[in-house]
Structures are given as structure tokens and as C-alpha cells.
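Numbering of residues begins at 1 and proceeds along the displayed sequence.
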Amino acid sequence: MIVAEALRRLTDQILYRFTKLQDAMGERLAHEYPDAADLRHAAVLAAIEAAGAMGQAWANWKARLPSLPVASH
């Protein structure tokens with residue numbers, strides 16, 4: 001049960017942080033630069049770069065997880 005509780009807490013943290021990330025990205029991309037196309041473009045490029053870094057971080061994190069047994073039906 002300790003492992004299950006730790007995984008639940010980790011999942012809660014990841015979901016919380018992902019939600020905060022979505023809020024921050026939406027605000028920067030949609031609200032701060034309504035009349036500045038060059039700044040809006042730079043913000044989109046930064047978001048794309050950050051998404052790649054987040055994908056790599058997720059792959060690194062996933063590689064560190066222990067393998068869980070697959071339930072048979």
C-alpha cells in the first residue's frame with residue numbers, strides 16, 4: 001500500500017503542476033500580446049521549445065519508474 005500511496009501522491013502533483021502550466025501558457029499566449037504579432041510569435045516559439053523540454057523530462061521520469069506487473073484478465 002505504501003507504493004500505491006506514493007504513486008497517487010506523485011500523480012496528484014504531476015496533474016496539479018500540469019494544470020498550473022496550462023493556465024500560465026494560456027495566459028501568456030492569449031492575453032499579453034494582443035496587438036504585437038512579433039511578441040506573440042516569440043511566445044509561441046518559446047512554448048514549443050518548452051513543450052519539447054517537458055516531453056524529455058517526462059521520458060526521463062518514466063524511465064525511472066519501476067515496472068509494474070500487468071494484470072491478467
Subject >> Within one Ile-Leu-Val-Met-Phe-Trp-Tyr cluster: L10 and Y16, side-chain cutoff 4.5 Å >> reply: no

Subject >> Contact list for residues 13-26, test salt bridge (charged side-chain N to carboxylate O under 4.0 Å, His left out), sequence neighbours left out >> reply: none

Just list the side-chain donor-acceptor pairs under 3.5 Å for residues 47-58, sequence neighbours left out, or say none.
{"unit_1": "Q56", "atom_1": "NE2", "unit_2": "N60", "atom_2": "OD1", "d": "3.0"}

Original post:
In chain order, what residues pass the side chain to side chain donor-acceptor pair (under 3.5 Å) check against D38, with sequence neighbours excluded?
Top reply: none

**OP:** Mind checking side-chain contact (heavy atoms from CB on, under 4.5 Å) for R9 and listing every partner two or more places apart, or none if nothing turns up?
**Re:** E5

